[in-house]
A.B. asks: 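My structure is below; once you've seen it, I'll send some questions.
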Amino acid sequence: MGCLTRVDAAVVKRWLEGSAVALHEQRDYLTQLDAAIGDADHGTNMDRGFSSVVTKLEELDETTAPGRILVTAGSTLISTVGGASGPLWGTALRRAGRSLGDAAEFDGEALTLALEAALEGVVELGAARPGDKTMVDALEPAVHALREQVDAGSPAPAAIAAARVAAEEGMQATVPLQATKGRASYLGERSIGHQDPGATSTVLILRALEQAVAVPS
Amino acid sequence: MGCLTRVDAAVVKRWLEGSAVALHEQRDYLTQLDAAIGDADHGTNMDRGFSSVVTKLEELDETTAPGRILVTAGSTLISTVGGASGPLWGTALRRAGRSLGDAAEFDGEALTLALEAALEGVVELGAARPGDKTMVDALEPAVHALREQVDAGSPAPAAIAAARVAAEEGMQATVPLQATKGRASYLGERSIGHQDPGATSTVLILRALEQAVAVPS
Amino acid sequence: MSIAAQTMKKFVNAPEDVVKESLAGLAAAHADLVRVDFENQVVVRKDAPVAGKVGLISGGGSGHEPMHGGFVGRGMLDAACPGEIFTSPVPDQMLAATKAVDGGAGVLHIVKNYTGDVMNFKLAAELAEDDGIDVASVLTNDDVAVEDSLWTAGRRGVGVTVLLEKIAGARAEAGGTLQEVADVARKVNDRGRSLGVALTSCVTPAAGSPTFDIASDEMEFGVGIHGEPGRRREKIRPVSEIVAELTDTILTELAPANGANLLAFVNGLGGTPLIELYVVYNELTKQLADRGLTASRNLVGDYITSLEMAGVSITLVELDDELTALWDAPVHTAALRWGV
Amino acid sequence: MSIAAQTMKKFVNAPEDVVKESLAGLAAAHADLVRVDFENQVVVRKDAPVAGKVGLISGGGSGHEPMHGGFVGRGMLDAACPGEIFTSPVPDQMLAATKAVDGGAGVLHIVKNYTGDVMNFKLAAELAEDDGIDVASVLTNDDVAVEDSLWTAGRRGVGVTVLLEKIAGARAEAGGTLQEVADVARKVNDRGRSLGVALTSCVTPAAGSPTFDIASDEMEFGVGIHGEPGRRREKIRPVSEIVAELTDTILTELAPANGANLLAFVNGLGGTPLIELYVVYNELTKQLADRGLTASRNLVGDYITSLEMAGVSITLVELDDELTALWDAPVHTAALRWGV
Ligand SMILES: Nc1ncnc2c1ncn2[C@@H]1O[C@H](COP(=O)(O)OP(=O)(O)O)[C@@H](O)[C@H]1O
Ligand SMILES: Nc1ncnc2c1ncn2[C@@H]1O[C@H](COP(=O)(O)OP(=O)(O)O)[C@@H](O)[C@H]1O
Ligand SMILES: [Mg+2]
Ligand SMILES: [Mg+2]
Ligand SMILES: [Mg+2]
Ligand SMILES: [Mg+2]
């Protein structure tokens, strides 16, 4: 399987489409996780949003730059999801897209800056800190790992793989936490012992990125 | 056990008190019968009414004539029962009382005239004919039997016993009937196979009369 | 008693106190509109008797709130007589109410067609006449679930009662004579028909358990407001099909003129959320449009209920200019208010 | 879909169409008051935008009817944005509503404190500002079941929202500036607190089964309007005890002045019959009297619901002359109407 160090529009599309497939497949699982500590709609929300994104992508013409694609995807999530995850993931993708600008291709450093911008957007909007039992508990360590690897000179695929692993660890680490943000916080101590749905969907999205980059374009 | 042929206030009081006891004992049974083809309140209604009657009797002075006692009892039923059975039994007792007038004592003939007046009042108010599956199916044959016996010269206790037997037969005869009056009529054919609650309470009241007359005063 | 109360999904103290305590709450919440005579258990319009105005009273078993207590006030009822839950009030209550609202122009008794209600109101009317009060009675019998024949106690009085009380109340407020008020009341009843369907049973506080059993996928088509059985028990269907059959059955009996203007009343039986009542109204407007009929006036909400029963009833009244104007006239009660 | 619909005790067609079909019913029933923009899923006051008047919009998940669509009209909201059932609407709806009601004096966003609602309204406000519309936002957070601390998303917005929309709407109708309308809205929220209790769970059409399980003798004390858990699960008690604890808990947080005048709001959550709501109000007035407080104004009924959930919430707002006058001002919406 070939490996690339530069990312283009095709890769970004594969990422979003792969995310849509994974979120659709895991829809009921995510909703069950949300039923335990939230209001049982996270799977529905993410699936509704990303399937709209896929439809939207088909309307874009071939030449659209990766940054624009992400901005469009983010706007689509915001317009179709509702709930907490819509604005959060919508803002994340929009910020990432803006940071990529109109370049037709970009490297690991640019991708890292984009995901750092995404994380920043999520924290700005939701004010969650690591340990609050939210998607930030998966996204933050992932972006950290990515930065380290890229600074250490590893190629994008390896760096992204490390980010995905960090996200999975962060996701698992949400189980013993007490939620202090979002609906789950109403449960107080009763939120302990459950895995956070948003952190779980975050892992699915990072896995999709890893696979999109791994495939030769 | 002695037998009397003339009836006085003490007997009428025993009749009403005996009815109250029987209706209270059979309260749940009557309500169950009403649950099957009505609205499950006949036992409650009759018990509420006759216990108020007993309380009311205590307020009456010793010298009150039997006719007045029955009028008072009827008015009390009307004021406390509600539903269909309140006006019906209330009117029955009021008519019976009026027909007895202010006499301190009365004989079998007067008693028969009183119960004929009672039946007349019930039919006037409720317009039920025999076979409609109502209390009339017990009261009408009872009053008939009483008239026959009295005309044939039998003593009051025997005549009343015959009336009670006729009422019981009439009550049992309501089982195969389809109700065409009251709530039970909404059931149409589904009312067939159930014993009418009002006919059943009528039997209890006639049994109480039989016992009241049988006891020496 | 509180033990019993705690085994049901109800906010009550002792079941036998529910009616009185609820009336106390009504009196406290609407002291500007009504006063409650607790001795006679009667809800009376604050400024009754209104001199020279025909008085309107109604009553029946409790458990159908806001009917009737919530309809006492300007432009509707002058008094209401609440009985025990699902049990007709007694003549004493009706007599007390009649006396309390008699402004010299006579009193109209609005009676729903149930054997107990009819008999108790009949006795009350006789007592009132004895006291020299002019009384007229109108009977509502709009429920097409029951066939009106020698084989039944006749159609039950349901949704039309609410609309009739509003319209006749307006006629009285406008200075109508007892005869005129009674006539327009009968006109509303003659031009109105209803039909309801239940998805769940009600639970009376005294019983503490469902009045009837019904499977999780069943509905009672043609249910009565006391949980009386309807035309048949069947599987729940999509609301479009349910409303189509309700509308068909009602219109077959009502037979309105072509292109008639209707007062369309979608009534919740107590446990059905408003979001569903508007879905039902949406289906109803489609059904009427298909038949060239217009809902020129409407009412959507819980007005004649059966405790917490999940269900809905539809009432259609064929309007004319007189009825429309009376419907639009100002009304100010706890449950219905406009124009003031 | 109709198969799914038939397995629940609801009047629906396809569950995913409930919100739109219900809005169609609302539009048909109240064409004199509102119009519905189905493309953007927004309920708009018929005569919006009212030139020179501050526009008020609110929104949130559906399933709480009549909130918010039933509050659109003169003297209350200019537009409402209904989301899917129990899911926050999206910024596009809020932006469309904001544009539709902007009469040049700016637009107030009334937001209930739930993470999703807050974020979506925040994005909408940014978009509106980009379009040069003056937007102010007020957050309602009156549910004392949730402690307002770093450990939670903060108190939820519940009953106060209804009262705030009425009072702020009156201020806007009277010509208040955006600042003045926002100020009085915040004042209502600051002076109001709520608490609710559920006896049964709601059932969302999409799920078709209860949101939470609860035993036949249990109640959820401090429940949220989406079926969120409350302070604790416990045995049902007599209503006198339940209301006493609700009142105590609310007043402890509200700490009104001695002898304060309160707006007392007894709200049904959807499945509790009116007869019980008045029993609750009766208990509430006793509790207030014991503490030397007066319910100088009140509202009793189903106004902010949770589908068919059996339950009740109590909201208390400490009034002053300004708030009392604004509460009494005329209002004409589908669900609240007086003075007109
Ligand atoms: N303030 C916040 N910051 C970041 N993420 C959050 C925040 N609040 C909630 N989330 C995430 O959103 C997820 C829930 O999303 P979703 O169920 O789609 O929305 P809602 O909670 O409105 O139903 C949670 O699992 C959590 O990871
Ligand atoms: N029109 C009528 N004439 C005579 N008896 C009647 C009539 N209607 C009903 N009844 C009697 O009344 C009984 C029911 O009484 P009850 O349950 O106390 O009143 P309700 O039917 O109002 O609940 C019936 O069983 C029947 O015997
Ligand atoms: Mg959720
Ligand atoms: Mg009965
Ligand atoms: Mg009865
Ligand atoms: Mg949600």
Side-chain angles (χ1 to χ4, degrees), chain C residues 1-2 5-14 18-19 21-26 28-29 62-63 65-66 70 85 199-200 216-217 219 235-240 242-243 266 270-283 285 295 298 300 302 305 307-308 310 312 337-340, chain D residues 2 5-14 18-19 21-26 28-29 62-63 65-66 70 85 199-200 216-217 219 235-243 266 270-283 285 295 298 300 302 305 307-308 310 312 337-340:
Chain C
M1 282 327 310
S2 61
Q6 286 166 38
T7 65
M8 36 182 173
K9 296 285 189 175
K10 291 182 182 293
F11 295 102
V12 294
N13 292 310
V18 170
V19 172
E21 291 178 356
S22 186
L23 288 174
L26 179 75
S62 292
E65 291 66 25
I85 286 179
L199 301 181
T200 67
S216 66
D217 62 347
M219 62 181 183
K235 297 282 180 220
I236 298 175
R237 288 180 280 147
V239 62
S240 57
I242 295 172
V243 174
V266 169
T272 287
L274 189 57
I275 189 171
E276 292 176 41
L277 296 186
Y278 278 117
V279 170
V280 168
Y281 187 75
N282 182 46
E283 294 294 338
T285 54
N298 70 81
V300 179
D302 292 6
T305 61
L307 294 171
E308 67 275 86
V312 65
R337 180 174 184 178
W338 55 75
V340 53
Chain D
S2 62
Q6 288 166 38
T7 65
M8 26 178 187
K9 296 286 189 174
K10 290 182 183 295
F11 295 102
V12 295
N13 293 308
V18 171
V19 172
E21 291 179 357
S22 186
L23 288 174
L26 179 74
S62 292
E65 290 67 24
I85 286 177
L199 302 180
T200 67
S216 66
D217 62 347
M219 62 181 182
K235 297 283 180 221
I236 298 174
R237 289 181 278 146
V239 61
S240 57
E241 294 176 24
I242 295 172
V243 173
V266 169
T272 286
L274 189 57
I275 189 171
E276 291 176 43
L277 295 186
Y278 278 118
V279 169
V280 168
Y281 187 74
N282 182 47
E283 294 294 338
T285 54
N298 71 80
V300 179
D302 292 6
T305 61
L307 294 172
E308 66 275 86
V312 65
R337 180 174 183 178
W338 56 75
V340 53

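In this text the structure is predicted, and so the values were computed from the model without any measurement. Residue numbering restarts at 1 for every chain, and letters A, B, ... go by the order of the sequence lines. Computation of the quantities below employed the complete heavy-atom set of this structure, encompassing side-chain atoms and omitting hydrogens, waters and symmetry-equivalent molecules.
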A.B. asks: Going by side chain to side chain contact (heavy atoms under 4.5 Å, CB included), name the residues that satisfy it together with Glu283(D), two or more places apart in sequence or in a different chain.
C.D. replies: Asn13(C), Glu21(C), Val239(D), Ser240(D), Val243(D), Lys286(D)
A.B. asks: I need the residue from Leu274(C), Ile275(C), Asn298(C) with the largest number of non-hydrogen atom pairs under 4.5 Å to chain D.
C.D. replies: Ile275(C)
A.B. asks: Return yes if some donor-acceptor pair links the side-chain N/O of Glu276(D) with the main-chain N/O of Phe11(C) below 3.5 Å, else return no.
C.D. replies: yes
A.B. asks: Counting only non-hydrogen atoms closer than 4.5 Å, does Val18(D) touch chain C with its backbone (N, CA, C, O), its side chain (CB onward), both, or neither?
C.D. replies: both
A.B. asks: Check whether Ile242(D) gets within reach of chain C through its side chain, its backbone, both or neither, counting any heavy atom under 4.5 Å.
C.D. replies: side chain
A.B. asks: Sort out for me which of Val279(C), Asp302(C), Val312(C) touches chain D most, counting heavy-atom pairs under 4.5 Å.
C.D. replies: Val279(C)
A.B. asks: How would you list, by chain and number, every residue that makes a salt bridge (charged side-chain N to carboxylate O under 4.0 Å, His left out) with Glu308(D), sequence neighbours excluded?
C.D. replies: Lys10(D)
A.B. asks: Where do Tyr281(D) and Gly25(C) come nearest, in terms of heavy atoms and distance?
C.D. replies: CD2-O, 3.6 Å
A.B. asks: Could you tell me which portion of Ile85(D) (side chain, backbone, both or neither) has an atom closer than 4.5 angstrom to a non-hydrogen atom of chain C?
C.D. replies: side chain
A.B. asks: Looking only at heavy atoms, what is the nearest atom pair of Met8(D) and Ile236(C), with distance?
C.D. replies: O-CD1, 3.5 Å
A.B. asks: Work out which heavy atom in Tyr278(C) is nearest to a heavy atom in Ala29(D); give both atom names and the distance.
C.D. replies: CE2-CB, 3.9 Å
